[in-house]
Student: 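Here it is: the structure, laid out below.
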Amino acid sequence: MNRLANESSPYLLQHGDNPVDWYPWGDEALQLAKDKDKPILLSIGYAACHWCHVMAHESFENPATAALMNEHFVNIKVDREERPDLDSIYMDAVVAMTARAAGP
């Protein structure tokens, strides 16, 4: 169990049993990344997203992948339906860098 198990978001709760040491977006995770000088691995999705479920099954439920993520990153999971402000910022950045992005 990780830090998402007590969240209210259905999307975040779906990942509460992942072996990834997920943090919800907030001061605790951001400060930890700063204190440990680790990059943030940010995953933004929503409960009804097909590709979010595929990613969870193929990556976030895999113990070896989770171990690498936990060792090298502070892992933050965001529900885009609860935080459309964050989703918009990061989607704009992805589009600016790649000229395309996946969406709903």
Side-chain angles (χ1 to χ4, degrees):
M1 190 177 305
N2 56 46
R3 288 164 187 81
L4 301 182
N6 295 318
E7 291 295 309
S8 60
S9 157
Y11 177 65
L12 298 183
L13 289 171
Q14 289 174 353
H15 298 275
D17 290 328
N18 291 163
V20 174
D21 188 13
W22 289 116
Y23 285 81
W25 181 271
D27 293 337
E28 179 185 9
L30 299 175
Q31 188 62 50
L32 180 66
K34 184 177 181 179
D35 292 347
K36 292 197 171 200
D37 195 28
K38 285 186 174 183
I40 291 170
L41 190 147
L42 181 64
S43 176
I44 301 175
Y46 60 106
C49 170
H50 169 75
W51 292 112
C52 297
H53 292 284
V54 170
M55 188 72 174
H57 180 68
E58 293 184 0
S59 299
F60 304 146
E61 294 172 3
N62 180 295
T65 300
L68 287 170
M69 290 172 64
N70 295 340
E71 180 180 352
H72 297 289
F73 298 94
V74 173
N75 304 294
I76 300 176
K77 177 84 56 191
V78 172
D79 182 338
R80 70 183 291 186
E81 293 177 323
E82 286 190 343
R83 294 299 308 265
D85 56 324
L86 293 174
D87 181 57
S88 177
I89 290 167
Y90 288 100
M91 286 298 287
D92 288 349
V94 168
V95 170
M97 291 186 285
T98 67
R100 58 187 236 179

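These figures come from a predicted structure and were not determined experimentally. Only heavy atoms go into these numbers, but all of them, side chains included; no hydrogens, no water, no symmetry mates.
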Student: Do L41 and L12 belong together in a cluster built from hydrophobic side chains that touch within less than 4.5 Å?
Tutor: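 As far as the 4.5 Å side-chain criterion goes, L12 and L41 are connected within one cluster.
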
Student: Tell me if the NZ atom of K38 is crowded by more than 12 foreign heavy atoms within 6.0 Å.
Tutor: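 Buried by this count: over 12 neighbours within 6.0 Å.
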
Student: Could you give me the CA-CA distance, side-chain angles and deciding distance for D87 and V78, then say whether side-chain contact (heavy atoms from CB on, under 4.5 Å) is met?
Tutor: CA-CA 8 Å; D87 181 57; V78 172; over 6 Å; no

Student: Atom NE2 in H15, atom NE2 in H53: separation rounded to 0.5 Å?
Tutor: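 The distance works out to 7.0 Å.
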
Student: Report, as yes or no, whether the 6.0 Å neighbourhood of atom CG on D92 holds more than 12 heavy atoms from other residues, nucleotides or ligands.
Tutor: yes

Student: What heavy-atom pair brings I44 and Y11 nearest, and what distance separates the two atoms?
Tutor: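 Residues I44 and Y11, closest heavy atoms: C-OH, 4.4 Å.
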
Student: Is the side chain of H57 donor-acceptor paired with the backbone N or O of C52 at a distance under 3.5 Å, no angle test?
Tutor: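 Flag not set: sc H57 to bb C52 has no pair under 3.5 Å.
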
Student: Answer with yes or no whether the hydrophobic clustering places V94 together with I40; edges join I, L, V, M, F, W, Y residues whose side-chain heavy atoms lie under 4.5 Å apart.
Tutor: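 They do not share one cluster, since no chain of ILVMFWY contacts under 4.5 Å joins V94 to I40.
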
Student: Once you round to the nearest 0.5 Å, how far does CD of E28 lie from CG of L32?
Tutor: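 So the gap between those two atoms works out to 7.5 Å.
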
Student: Hey, could you give me the SG/CE distance between C49 and M55, rounded to the nearest 0.5 Å?
Tutor: 11.0 Å

Student: Give a yes or no on whether L86 and Y23 share a hydrophobic cluster (residues Ile, Leu, Val, Met, Phe, Trp, Tyr; joining criterion: side-chain heavy atoms under 4.5 Å apart).
Tutor: yes

Student: Measure the spacing between CG of L42 and CH2 of W25 and express it to the nearest 0.5 Å.
Tutor: 6.0 Å

Student: Hydrophobic clustering (ILVMFWY, side-chain heavy atoms < 4.5 Å, transitive) - are V74 and L30 grouped together?
Tutor: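 Yes: a chain of side-chain contacts under 4.5 Å links L30 to V74.
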
Student: Counting only heavy atoms not in H50, do more than 12 fall under 6.0 Å of its NE2?
Tutor: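 Above 12, so yes.
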
Student: Verify the distance criterion only: is there a donor paired with an acceptor across the side chains of Q31 and D27 at less than 3.5 Å?
Tutor: no

Student: Do you see a donor-acceptor pair shorter than 3.5 Å between the side chains of R80 and Y46?
Tutor: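 Side chains of R80 and Y46: no pair found under 3.5 Å.
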
Student: Mark yes or no for whether N18, through its side chain, and N2, through its backbone, hold a donor-acceptor pair below 3.5 Å.
Tutor: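 Side chain of N18 to backbone of N2: no pair is present.
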
Student: Run S8 and E82 through side-chain contact (heavy atoms from CB on, under 4.5 Å) and show every step you take.
Tutor: CA-CA 10 Å; S8 60; E82 286 190 343; 3.8 Å; yes

Student: CH2/W22 to CE/M69 distance, rounded to the nearest 0.5 angstrom?
Tutor: 4.0 Å

Student: What's the shortest heavy-atom distance between P24 and A29, and which atoms?
Tutor: O-CB, 3.9 Å

Student: Should K77 and L4 be marked as a side-chain contact (heavy atoms from CB on, under 4.5 Å) after you check the CA-CA gap, both sets of side-chain angles, and the distance that decides it?
Tutor: CA-CA 8 Å; K77 177 84 56 191; L4 301 182; 3.9 Å; yes

Student: Does the side-chain contact (heavy atoms from CB on, under 4.5 Å) test come out yes or no for N70 and V20, once each step is laid out?
Tutor: CA-CA 6 Å; N70 295 340; V20 174; 3.9 Å; yes

Student: Kindly compute the distance separating CZ (R83) from OH (Y90), expressed to the nearest 0.5 Å.
Tutor: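 So the CZ of R83 and the OH of Y90 are separated by 10.0 Å.
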
